[in-house]
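Report on one structure; see the data block that follows.
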Amino acid sequence: MLEKALAGGRRYWAWIAGLAAVACAGAWCYALQLQTGLGMTGLSRDVTWGLYIAQFTFFVGVAASAVMVVLPYYLHDYKVFGRVTILGEFLAITSVVMCGLFIFVDMGQPSRVLNVLRYPTPWSMMFWDMVALGGYLILNVVITRVSLEAERNDTAPPRWIRPVIVLSIPWAISIHTVTAFLYNGLPGRSFWLTAILAPRFLASAFAAGPALLILLCLAARRWWSLRIADEAIRKIALIVAYAMAVHVFFVLLEVFTVFYSQVPEHVDHFRYLYAGLDGHTALVPWMWTSACLAVVALVLLIVPSTRTSEPTLAGACVAVFVSLWIDKGLGLVVGGFVPSPLGAVTDYVPTWPEMMITAGVWALGAIMVTGFFKVTAEVRAGER
Amino acid sequence: MSATRRCFLRMAGSAAAAAATGAALGCASPAAATRRWAMAIDVRKCLELDGCRACIDACHQAHNVPAIPDRAHEVKWIWKEPFERTFAIEDPDTVTAALRGREVLVFCNHCDNPPCVRVCPTQATWKRDDGVVAIDEHRCIGCRYCVAACPYGSRSFNFVDPRPFLVHTTSEYPTRTRGVVEKCNLCEERLAKGQPPACVRACPGGAMLFGDLRDPDSEIRKTLAARYSIRRKPELGTRPQVYYVI
Amino acid sequence: MRNRILILAGLALCLAALTWPVWRALASAPAPAPSLARPVGATRCVAPVGFMRTSHMTLLAEWRDRVVRDGVRTYTDADGRVVTMSLSGTCLRACHADKTKFCDRCHDYAGVKPTCWGCHVVPTATGAIVSGPAAPSRSSRPGAAL
């Protein structure tokens, strides 16, 4: 089945080659990091997690968001999503693989990473995160494989796959919930110590993931004439609109609780992110960019005419994706570390090699998603 | 100071007895299973020795703790922090003049309910029966989850190879490799020999009191009963075992 | 199968490249066995020489776990001798004083690179080991505020 990804024209291969070059550059930087240690990154004693773990968190969300197309189709028999569920699942597979890579490049002792399996520790959330993500990956690999096979042979998928797919729905919710638990069970980190973190993670995931899916569908429709109904895209756009509204609402709930209660330990993190603390303002422009993009996206998504017209919808999706990438892929992780437990305010600025490694993982993800969409397009082209 | 010594003579005696019973099993059993080590710092006595670094130097030399100049990559087991920061005091002007702007010792609290232990995905850090929160540097994968979980900033990660930054190297204790987390081990290697922690022994003013909280007659229990003491962030439920006698 | 020759040739080439070190080792003359410095004074190791030669790393890993994880520091060997379980403190200091002429020679011969020495410090022959707390350094000014 996967060999169908090899049937591409010159432009297809140029795109793959470009991504491969970025991935190789990332691998080279990682080799550098293996030699010099994580001291090569912008991380510090006070901000010990940065870009890598933040990307991990963000892509767990993208992975979980497949449920937004799977659930309506399988639980509510919403036929319009029939042709996009598999794309959502492919996006999930890609995201989980990227998550694994982001965790791996963040390890101080990567050669010992299997210790997590040698000494399984049920009271550690990291252990459960590994179980959840590993299981989700297997589920989606099986599901996509079986569904696409059936589609190619023009037969109905075997009956046993349905319970597997239904199982993948709560499983998707679980991966992002456990990822939120990674953060919000820590007594000394007030920024994360909030029960709304898991719902907030899910809301932002269900906005960012489907927004990316829309963009990918629009691209695949244009370049590979992959047939995706307008109605499907419009429905996903509606999902993005609701999820984004819920996300903004959750953030505002947080803002109220923090600023009305005025508990300094809670206020300080928000002040650092949105106003700066002790003259440190590294993240302030980013956070306001995120906030403004969120507003723009919400307006574009709520007004029916801009939500349904393709160019404005694409713009809204880009805005959603970038806004949430900043919010979760930058602010959420770094904001939790500043100020430190001892009140130190330390800015975190990723270094070039660190960004290159991150870009490398992104490029690898892009190659995977290109391949998967290509396979789907080829299978469907064969049908006609 | 002499009180700490007396306490240790008693401990050494029981350690020998335990070793004798354990010998039949082919190895000596750990002597400290029924103890609960804790530390009390007499803040005023400590402040009398203005600028003193005896405990810090003793600890960092005994454990091959590197002196890394870059603050971002710093590794430290015991150090000083302003009183107001240590105890998260919002309005420093109201602090008694004796403590305002002064620095107190901070190190791992060897919590009774340590969040770092809870989060570690490989059990590379765990709480021993005697209360010491230990790290197995052979098992640590360097995920730094424990660093995020510690509410006291007690843990350091080896961002760079520490060896070039060692001032003296002792072969009595290993160095660390790049990519693992480390912190104060309450001198468990010295406790095993019946010796008090290096910092306690090095303190010229007798400001650091070390002992067994389960022993009602121990010097530390008597001191904590007689004088007012505070702990760092007790509201978090971590039950720190380093007491600051004010 | 299209391109059968190409595929088979590629597979053969790949296999040859992967097994290359084996063929090279088989073809070249065996390296002379390393001459190891025997410990001065000590006559017996904690286990038979044959066992130590093949399995000392297992014993050391066991020692490591006993000391670090169980807090047990002494080991009683088959002859009833009690030794402290310590790579730097017992193995190197009591018997194998010159690591380069014992550990390293054999490890080089076997082509292994143990990571032990990344942390465990080799005691210096001259005995110039800094241990224990240094003299307390304190400034002359006692706290005036109290």
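The structure presented is a predicted model; accordingly, all values stated were derived computationally and were not measured. Each chain gets a letter, A, B and so on, in the order the sequences are listed, and its residues count up from 1.
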Heavy-atom side-chain proximity of A:Met40 to B:Val160 below 4.5 angstrom: no

Option in A:Leu114, A:Thr36, A:Thr41, A:Val113 with maximal non-hydrogen atom pairs under 4.5 Å from chain B: A:Thr36

Rounded distance [0.5 Å steps], CZ in B:Phe157 versus OG1 in A:Thr48: 9.0 Å

Stepwise side chain to side chain donor-acceptor pair (under 3.5 Å) test for B:Thr122 and A:Arg118: CA-CA 8 Å; B:Thr122 60; A:Arg118 288 176 69 200; over 6 Å; no

B:Trp126, CH2: over 12 other non-hydrogen atoms inside 6.0 angstrom: yes

Distance, nearest 0.5 Å, that separates CD of A:Gln109 from SG of B:Cys140: 7.5 Å

Atom group of A:Arg189 that falls short of 4.5 Å from chain B, counting heavy atoms: side chain

Under 4.5 Å from a heavy atom of chain B, the part of A:Tyr348 involved: neither

Closest heavy-atom pair and its distance - A:Gly343, B:Arg85: O-NH2, 3.8 Å

Taking every non-hydrogen atom, the tightest pair across B:Cys150 and A:Pro341: O-CG, 3.9 Å

Any side-chain heavy-atom pair of A:Pro187 and B:Pro115 under 4.5 Å: yes

Option that, when pairs with chain A are counted at under 4.5 Å, heavy atom only, ranks first among B:Ala88, B:Gly237, B:Gly142: B:Gly142

Nearest heavy-atom neighbours spanning B:Ile141 and A:Arg112: CG2-O, 3.1 Å

Sequence-distant partners of A:Tyr30, ring pair (Phe, Tyr, Trp, His ring centres under 6.0 Å), two or more places apart: none

Test item: B:Arg178 and A:Leu38 side chains (from C-beta on) under 4.5 Å apart, heavy atoms: no

Segment of A:Leu43 engaging chain B (4.5 angstrom heavy-atom cut-off): both

Region of A:Leu182 that comes under 4.5 Å of a non-hydrogen atom in chain B: both

Part of A:Ser340 within contact of chain B (heavy atom distance under 4.5 Å): neither

cation_pi(B:Arg139, A:Tyr119) dist<6.0 Å, angle<=45: yes

Which portion of A:Asp46 sits near chain B, non-hydrogen atoms under 4.5 angstrom: side chain

Closest-packed option against chain B by number of heavy-atom pairs under 4.5 Å, given A:Ala344, A:Gly188, A:Gly108, A:Gly185: A:Gly108

Contact leader toward chain B among A:Pro122, A:Ser111, A:Ser44, where contacts are heavy-atom pairs under 4.5 Å: A:Ser44

Distance, nearest 0.5 Å, that separates CD of B:Gln123 from CH2 of A:Trp123: 4.0 Å

Residue A:Gln35 excluded, over 12 heavy atoms near CD under 6.0 Å: no

Any B:Cys143 side-chain heavy atom under 4.5 Å of A:Met126 side chain: yes

side-chain contact (heavy atoms from CB on, under 4.5 Å) involving A:Thr358 - partner list, sequence neighbours excluded: A:Leu51, A:Tyr52, A:Gln55, A:Phe102, A:Trp362

Which atom of B:Glu74 lies closest to which atom of A:Arg45, heavy atoms considered: O-CD, 3.4 Å

Under 4.5 Å from any heavy atom of chain B - which part of A:Leu193: neither

Rounded distance [0.5 Å steps], OG in A:Ser124 versus CZ in B:Arg118: 11.0 Å

Side-chain heavy atoms of A:Leu186 within contact of B:Tyr145, under 4.5 Å: yes

Steps toward side-chain contact (heavy atoms from CB on, under 4.5 Å) verdict (B:Arg232, A:Leu342): CA-CA 11 Å; B:Arg232 293 174 66 193; A:Leu342 280 157; 3.4 Å; yes

